[in-house]
Amino acid sequence: MSAPNKPRLRFAPSPTGQLHIGGARTALFNWAFARRTGGAFVLRVEDTDPTRSKKEYEHAILDGLTRMGIDWDEGPDVGGEYGPYRQTERFDGYLGVAAALFQAGYAYRCFCPSERLEALREAQMAAKENPRYDGCCKALTKEEAQAKISAGEEPVLRFDVPEGETRFTDLIRGEVTFQNAEVDDWIMVRADATPTYNFVVVCDDSDMQITHVLRGEEHLTNTPKQVLLFEALGLDAPIYGHLPLMLGTDGKKLSKRTGDTALIDYLDKGYPPEAILNFLCLQGWALDGEHDLFGVDELIANFEPTDVSKGGSIFDPEKFLWMAGEYVRRDTPERLAERCTPFLVAAGLATLEQLDARKDWLVRAVAAHQERFRLYSELPDWIGYLFADDAGLVWDPKAEKGARKHAAAPETLAAFATWLAARGAAGEALEGADLAEATKAWVAERGLKIPGLFQPLRCALTGAPGGADLFEIIGLLGLDATLARIADAAARLGVPAAS
RNA sequence: GGCCCCUUCGUCUAGUCAGGCCUAGGACACCAGGUUUUCAUCCUGGCGACAGGGGUUCGAAUCCCCUAGGGGUCACCA
């Protein structure tokens, strides 16, 4: 399957929640590197925590990746030669390794109850020492341990961290060194015989022949534990690269406090997936420093882990929104209409069937407003007037105020309606540039100023202070609705404002 | 607090590894103009940074040291 010497990357989420936006970036970078090098991208589900892992989250995460266009060569759903890809399905293997490590003296049993550990930790904290296991059970003889087991005590298995120091070369940070004395004798297998994260990660990265691990910086302090375990197993550790954290506007690790953290939230808000991908790239990586807008092809062609910056990046919602708008403007009206349709339906403007029945019209409506919205979810607000009743259209106060600035508005509107109707009867253009030209000429003939007609007209047709080209709007509305709205507005403007 | 990591405009970043091309470039945001029937788009211009201090060097954003600041991590979570 995979050729030797080809990198093997992985993304290993734990299904304890929605796919985090930071996790999405981690997946993206791993994926990009695998794709650039012709290597493999593996998806592995780290579900060793039975209390927090949920099947639905696994689905959500896979779905999120798929919606972003990130695919994987091996994973729980597609299988692969190194499967299974769910850690709960690999327990037997881990326990075998644990037993071997124990036999070889790299690990020892610990019978200390949680209460003792907690008390120890508190005492150490109080004494301003670093909380860590004191090695109490390390000195137990085989007989003593056996006796405790016979008495029904259930031990955990701790890794026996050796003396010395552990160093590794991080793709992003360079040489990183930890004193082993700083590394706790961490637990590999819990009292209930389930293996822990740091242990299974090593087993899996080894079994799955993972060559490069790009992960968040929060894992940096886990790395010496894992490297030491690889050494105990007589294996080479993969090459690590710790990505800088994505920070909230408060400068701390991105959390719900300062905004949405789940990929799905952004998808649900109608950020174009391409914009999300592009924006994620910019958190810690740059194509060339000159171009901010680029697609996955360019990411794949150029991504190099060593180019990733070291410092954390504050997630800027403003720039993200701008980028979303860029992608909306660059899309084709056809595809945009398609992507916006669910949001129009959700906003209650029309049913899916109704929209499907006049697709061409919808595409025109979208095109007329394309440079005005940034998120798919913003479109309903922009084109809601197209779906409203002709009589009693809700007017934005600003729009009404603008319309009322012109004392002759009711008469002007009425005259315009008459003219427009005649034009329609004569079979002349009722939309676009032709109508715009003719209208301007009409305005000039009557000695009016452009705003004198346009402001009341816009209010009459849309009720909004701003929006698409008036003549596109007339075209979208059609003659009947246009005339109906003008008549309604002329009447409403003929009497003083309610408030 | 210990350990580890980090530090270029308010924000994302280019430049740092191979010191001079940097009077530090681009983008978002902001400000000021322009285009436009409105809003938006678009165009032009402006504002704005090498955390501080020592070295090394003819020359440092780039190399070294110190200080300060920020972050991460210290679970029978991952």
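Not measured: the values here are computed from a predicted model. Here is how names work: the chains are called A, B, and so on, in the same order as the sequence lines, proteins then strands, and each is numbered from 1.
- OP1 or OP2 of rG71(B) sits under 4.0 Å from a side-chain N or O of Lys252(A).
- Atom CZ of Arg109(A) is separated from atom C1' of rC76(B) by 16 Å (rounded to the nearest Å).
- The partner of rA32(B), taking Watson-Crick or G-U wobble pairs whose two distances both stay under 3.5 Å, is rU44(B).
- The nucleotide whose nearest atom lies closest to any side-chain atom of Leu117(A) is, among rG72(B), rC76(B), rA78(B), rC76(B).
- Distance check on atom P: rC63(B) versus rA18(B) gives 9 Å, rounded to whole Å.
- Look at the P atom in both rC6(B) and rC66(B): the space between them is 14 Å, to the nearest Å.
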Could you run through nucleotides 12-25 of chain B and give me one letter per nucleotide, 5' to 3': B if any protein heavy atom sits under 4.0 Å from the base, S if only the sugar-phosphate is that close, - if neither? BSS----------B

Determine all donor-acceptor pairs shorter than 3.5 Å in which one atom belongs to a side chain in residues 18-28 of chain A; sequence neighbours excluded.
residue: His20(A); atom: ND1; partner: Gly22(A); partner atom: N; Å: 2.8
residue: Arg25(A); atom: NH1; partner: Pro244(A); partner atom: O; Å: 3.4
residue: Arg25(A); atom: NH1; partner: Gln283(A); partner atom: O; Å: 2.6
residue: Arg25(A); atom: NH2; partner: Pro244(A); partner atom: O; Å: 2.4
residue: Thr26(A); atom: OG1; partner: Gly22(A); partner atom: O; Å: 3.1

5' to 3', nucleotides 39-51 of chain B under a 4.0 Å protein heavy-atom cut-off (B base, S sugar-phosphate only, - none) gives BBSS---------

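- Comparing rA29(B), rG1(B), rC76(B) by their closest approach to the side chain of Ser114(A) singles out rC76(B).
- Between Lys253(A) and Pro113(A), it is Lys253(A) whose nearest contact on RNA chain B lies nearer the 5' terminus.
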Chi angles and distances behind the side-chain hydrogen bond (donor to acceptor under 3.5 Å, both in side chains) call for Arg215(A), His242(A): CA-CA 5 Å; Arg215(A) 55 172 24 166; His242(A) 289 90; 3.3 Å; yes

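- If Glu46(A) and Gly251(A) are placed on RNA chain B by their nearest nucleotide, the residue sitting closer to the 5' end is Gly251(A).
- Side chain of Val176(A), nearest nucleotide from rG2(B), rC5(B), rC76(B): rC5(B).
- Considering only side-chain atoms of His219(A), the nucleotide from rC5(B), rA78(B), rG2(B) that sits closest is rA78(B).
- Side-chain nitrogen and oxygen atoms of Thr48(A) include at least one within less than 4.0 Å of the OP1 or OP2 phosphate oxygen of rA78(B).
- As judged by a 4.0 angstrom heavy-atom cut-off over every strand, Cys459(A) is placed among residues making no nucleic acid contact.
- Rounded to whole angstrom, the span from the CG atom of Asp396(A) across to the P atom of rU38(B) amounts to 17 Å.
- Looking at the side chain of Arg121(A), the nearest of the listed nucleotides rG71(B), rC76(B), rG2(B) is rC76(B).
- rC58(B) and rC12(B): their P atoms are spaced 37 Å apart (whole Å).
- Across rA40(B) and rC31(B), the matching P atoms stand 12 Å from one another, rounded to whole Å.
- Using the Watson-Crick or G-U wobble rule with both distances under 3.5 Å, rG1(B) pairs with rC74(B).
- The nucleotide rC9(B) finds no pairing partner, because no Watson-Crick or G-U wobble arrangement with both distances shorter than 3.5 Å includes it.
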